[in-house]
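Just below is one structure, and these are the notes that go with it.
Positions are given from 1, in the same order as the sequence printed here. Predicted, not measured: the structure shown is a model, and the values here were computed from it.
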Amino acid sequence: MHYVLDFADLRQYLMLFVRGAALTIALTAVSTVVGVVIGALCAIAREEGPIWLKAIAGLYVELIRNTPFIVQLFFIFFGLPSLGIHIDETTAAVLAMSVNLGAYATEIIRAGMRAVPTGLSEAGLSLAMTRGQILRHVILPQAFAKVFPALASQIVIVMLGSAVVSQISVPDLSYAANFVQSRTFRAFESYLIVTALYLVLAIALRRVLMRCARRLFRGTVKLRGGAR
């Protein structure tokens with residue numbers, strides 16, 4: 001079968017793709033901040049908290065890591081209104097992405113905390129630092145620096161996984177592709193453009209994250225992996 005590529009009909013939808021890409025970036029940025037904070041708090045809870053708090057954090061991690069992201073998204077957007085909690089589609093997308101990233105970030109950060117030499121904590125105690133100060137100024141900076149490449153990869157995965165938020169009518173990149181192909185019947189061209197945009201966004205995001213890491217953790221430990 002001979003197929004001729006034709007992008008002419010898609011030109012009028014250029015700004016729709018641009019707005020979709022911008023929203024995808026915004027969703028990723030907000031969920032990254034919230035998700036990493038959740039991950040750090042849960043990692044501390046699992047390593048330093050009382051038994052009951054460890055159990056709650058562990059249950060959260062296992063629940064999120066062993067269920068599909070789209071089910072989590074649908075539960076938040078369609079399920080919570082049954083309990084009287086009504087949120088718009090964009091907020092639901094951010095919440096689902098943040099909760100999902102938080103669960104994976106918990107185990108990544110926790111691994112980094114366990115990789116920090118115990119001698120550093122002992123040195124902090126010898127300087128009369130409190131446990132909270134040791135966590136904040138010694139353990140967490142070292143932990144983040146050690147696992148940042150893995151954390152960056154997980155952030156990219158969450159960004160790519162955000163494509164399913166179009167299922168609840170969030171006008172992201174995948175929503176733009178669905179809309180354009182339904183109007184122009186040029187499905188191949190529409191999804192080719194969106195595939196290329198996701199590829200560019202993923203590569204750019206990874207590079208930005210690794211550059212930020214080198215600035216943030218300069219002098220802490222040598223970062224490995226990621227883009228140069």
Could you tell me whether the side chain of L205 reaches within less than 4.5 Å of the side chain of I25, counting heavy atoms only?
no
Looking only at heavy atoms, which two atoms of A92 and L73 are closest? And how far apart?
O-CD1, 4.0 Å
Look up atom CG in D9 and atom OG1 in T184, then write down how far apart they are to the nearest 0.5 Å.
6.0 Å
Between CG of N178 and CZ of R183, what distance do you get to the nearest 0.5 Å?
11.0 Å
M97 to S31 - nearest heavy-atom pair and separation:
CE-OG, 3.5 Å
Using only atom types and a distance under 3.5 Å, with no angle test, would you say the side chain of T91 pairs donor to acceptor with the backbone of I87?
no
Nearest-0.5 Å distance, OG of residue S166 to CG of residue L23
11.0 Å
Nearest 0.5 Å, please: how far is OG1 in T130 from CG in L135?
8.5 Å
Closest heavy-atom pair, A177 versus S190, reported as atoms and distance to 0.1 Å, is O-CB, 3.9 Å
So, using side chain to side chain contact (heavy atoms under 4.5 Å, CB included) as the criterion, who are the partners of E189 when residues are at least two apart?
Y3, L5, D6, F7, L10, R186
Report, one line per pair, each donor and acceptor closer than 3.5 Å where one atom sits in a side chain of residues 151-161; sequence neighbours left out.
residue: S153; atom: OG; partner: P149; partner atom: O; Å: 3.1
residue: S153; atom: OG; partner: R206; partner atom: NH1; Å: 2.9

Linking directly or through intermediates, with side-chain heavy atoms under 4.5 Å: list the remaining ILVMFWY members grouped with V37, chain and number order.
L41
Show me the pairs that pass ring-ring contact (aromatic ring centres under 6.0 Å, His included) and involve residues 70-99, at least two apart or across chains.
F74-F78
Do you know which two heavy atoms are closest between S162 and T24, and how far apart they sit?
OG-CG2, 3.9 Å
Kindly compute the distance separating CD1 (I51) from CD1 (I56), expressed to the nearest 0.5 Å.
12.5 Å
Could you pull out all donor-acceptor pairs under 3.5 Å where a side-chain atom in residues 98-105 meets a protein atom, sequence neighbours excluded?
residue: S98; atom: OG; partner: V94; partner atom: O; Å: 2.7
residue: N100; atom: ND2; partner: Q72; partner atom: OE1; Å: 3.1

Which pairs, with at least one residue in residues 43-66 and sequence neighbours excluded, count as a side chain to side chain donor-acceptor pair (under 3.5 Å)?
R46-E107, E47-R110, E47-R114, E48-R131, E62-N66
Backbone N or O of A163 within a donor-acceptor pair of the S174 side chain at under 3.5 Å?
yes
Nearest heavy atoms of A93 and V170, plus distance in Å
CB-CG2, 4.1 Å
Separation of Y175 OH from E89 CD (nearest 0.5 Å):
9.0 Å
